[in-house]
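Report on the following structure.
So you know, we letter chains A, B, ... as the sequences are listed, proteins then strands, and number each from 1.
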Protein chains: 2
Amino acid sequence: MNRPVCLIVPDIDDIEPKSSDPPMTASTPPQPTTEPPTKRDLLLDCAQELFTKEGFHATGIDRILDRAGVAKMTLYNNFGSKEQLIVEVLDRASEGLIGMMGEWAARSSDPFEQVMHLFDGLGEWFSRPDCRGCLLQAAAAEFSDPDSPVTQAIQRHDARVRTLVTRIARATECRAPDDLATQICLLLAGSLSAVRVCRCRQPADAAKRAAAILLEDACRRAEPPRL
Amino acid sequence: MNRPVCLIVPDIDDIEPKSSDPPMTASTPPQPTTEPPTKRDLLLDCAQELFTKEGFHATGIDRILDRAGVAKMTLYNNFGSKEQLIVEVLDRASEGLIGMMGEWAARSSDPFEQVMHLFDGLGEWFSRPDCRGCLLQAAAAEFSDPDSPVTQAIQRHDARVRTLVTRIARATECRAPDDLATQICLLLAGSLSAVRVCRCRQPADAAKRAAAILLEDACRRAEPPRL
DNA sequence: TGGAATAGACAGACCTGTCTAGATGTTTAG
DNA sequence: CTAAACATCTAGACAGGTCTGTCTATTCCA
């Protein structure tokens, strides 16, 4: 509560919109670099950063504007409302997350290894000191009206994750791939929730071990019983 | 959480002091009933309900006061600040949840069954239409300053859950009970996160199946390899 | 008599969203 | 190449709320 007001200068670090870390993003739009970002993208970036750090309700429009160095009307011309800004931030964050997960999985062609790489990637992410967990999960905690566009964005993301994981699970050719996918999604959600408290990669590593056991079990049951 | 301890005010409509649902509570304080709740408890109840439904930042003090029918000074005399009110709501919610989990587990004396009952209980909770997931998890999403008293309350809760689950896991006498406990905690957190989106008991049931597999695996590995 | 609760005003800040009037830069027409 | 038309962005004031927290004067009840 009671946060420093009108934070022109960020927490410890930059003023520059240059992200001071290898972006770890997948799927940044294909821009040929060196081109200055549009005001729109700048707003999305700053909004995402502040929403991630402080929460959605706790972050005022003015804080975002100060940070982006952009006039209020630019925001309202581009997004129309704070709610719509939140929705677009969430959609973009989801896109980035799904992209990252896709890249992690693509480190192998074997579906078992793909799942392992999923949690390895998560562990790398969790290791970064600025990692605050999944923004979509945070939004789900802060917005509970099932009809709001924010909730719908969250559900879209959820469906995307499930699709990605289900695709991998089915490739294992185990007996009940959709159940396996559900269990892996639970482990993903669990580690994303846990990292918010422990702030280290441990939940990802633990989830990886659990996923390996579940995977092995699912595939074992698919084969005729030995003996 | 939701833990309708002494929930004086029903869900949508207000004012009547009869609690309109089988309380599902564990560990309501031992009060000999019929005694009117203190203003303090009334405030905690209403605050918990509104925080659960709307979020912490989105819920203003005045809304809590209106709902409780209590003067502002009563709140500030009892709690001193909104932040402290949040902390006490969280501590009480944690107590309720841990109590519920303890009762669920106590439905059996076999540790394997205790874990199963844990997720069964979760499923019963998730089945209630007013279930909005775990308030502590929501708080973790909304408050990220690691030094804030709110965060400390969340960490206390986390430690309590871990203690409870670890105690059960150790009773199984499997080889690595603490790892097993970590995995079960991940499944708990995962299903608590998932219920926020799907609003049904399915995550609890899926987590139960996953937990059974992990448990069986952990115990199997403890025994000498067959053959 | 005294402690607890009350209503209600109040301060000072922040909130979202609107409006205006002017600056800037880019495209198009002559 | 110039000039007009256009869209975008700017700063800043503003409206109408809401926020947390304080204060006072009064009432209730033990």
Side-chain angles (χ1 to χ4, degrees), chain A residues 1-10 15 17 35-48 50-51 53-90 139 142-143 145 148-150, chain B residues 8-9 14-15 17 35-51 53-90 139 142-143 145 148-150:
Chain A
M1 233 117 281
N2 270 354
R3 59 195 66 268
V5 194
C6 190
L7 226 224
I8 305 239
V9 183
I15 283 179
E35 196 165 314
T38 65
K39 302 279 177 186
R40 192 167 207 287
D41 287 334
L42 195 56
L43 282 168
L44 285 171
D45 287 338
C46 294
Q48 173 159 351
L50 288 171
F51 288 153
K53 220 181 283 181
E54 321 266 2
F56 296 90
H57 288 99
T59 301
I61 290 289
D62 291 333
R63 306 262 313 282
I64 299 169
L65 297 174
D66 284 349
R67 190 123 169 101
V70 149
K72 191 177 271 194
M73 278 313 294
T74 306
L75 189 154
Y76 279 95
N77 284 333
N78 273 283
F79 299 99
S81 70
K82 183 185 180 184
E83 184 177 62
Q84 185 56 28
L85 171 65
I86 292 175
V87 168
E88 300 207 23
V89 164
L90 289 181
E142 220 165 321
F143 299 88
D145 173 11
S148 102
V150 174
Chain B
I8 302 283
V9 186
D14 40 335
I15 308 215
E35 198 165 312
T38 66
K39 301 281 177 185
R40 192 168 206 285
D41 287 336
L42 195 56
L43 281 168
L44 285 171
D45 287 337
C46 294
Q48 172 161 346
E49 187 186 344
L50 287 171
F51 289 153
K53 220 182 282 182
E54 321 266 1
F56 296 91
H57 288 98
T59 301
I61 290 288
D62 290 333
R63 305 262 313 282
I64 299 169
L65 298 175
D66 282 350
R67 193 121 170 100
V70 149
K72 192 178 269 193
M73 278 314 293
T74 305
L75 189 154
Y76 279 96
N77 284 333
N78 274 283
F79 299 100
S81 69
K82 183 185 181 183
E83 186 177 61
Q84 186 55 29
L85 172 64
I86 292 175
V87 168
E88 301 206 23
V89 164
L90 290 180
E142 220 165 319
F143 299 88
D145 172 11
S148 102
V150 174

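Taking the side chain as every heavy atom from C-beta outward, B:Leu90 and B:Phe143 never approach each other to under 4.5 Å. You'll find the side chain of A:Leu43 stays beyond 4.5 Å of the side chain of A:Thr38, heavy atoms only.
Rounded to whole Å, atom P of D:dC19 lies 11 Å from atom OH of B:Tyr76. Note: CG (B:Leu75) to C1' (D:dC23) measures 16 Å, nearest angstrom. B:Leu65 has its CG atom 9 Å from the P atom of D:dT20, to the nearest Å. Distance, A:Ile64 CD1 to C:dG17 P: 11 Å, rounded to whole Å. Atom CG of A:Leu85 and atom P of C:dC15 are 14 Å apart (whole Å). Distance CZ (A:Arg63) to P (C:dG17): 17 Å, rounded to an integer number of Å. Look at CD1 on B:Ile61: it is 18 Å from P on C:dC14, rounded to the nearest Å. Across the protein-nucleic acid pair, B:Asp62 atom CG and D:dG17 atom P stand 15 Å apart, rounded to whole Å.
Shown here are the side chain to side chain contact (heavy atoms under 4.5 Å, CB included) partners of A:Asn78, two or more places apart in sequence or in another chain: A:Arg40, A:Thr74. Considering only residues two or more places apart in sequence or on other chains, B:Ser148 meets the side chain to side chain donor-acceptor pair (under 3.5 Å) condition with B:Thr151.
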In B/S/- notation, 5' to 3', how is nucleotides 1-10 of chain C contacted by protein heavy atoms closer than 4.0 Å?
----SBB---
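Atoms CD1 and CZ, from B:Ile86 and B:Phe79 in turn, are 11.5 Å apart once rounded to the nearest 0.5 Å.
Under 4.0 Å is where a charged nitrogen must lie from a carboxylate oxygen, and between B:Lys72 and B:Asp62 at least one such pair does.
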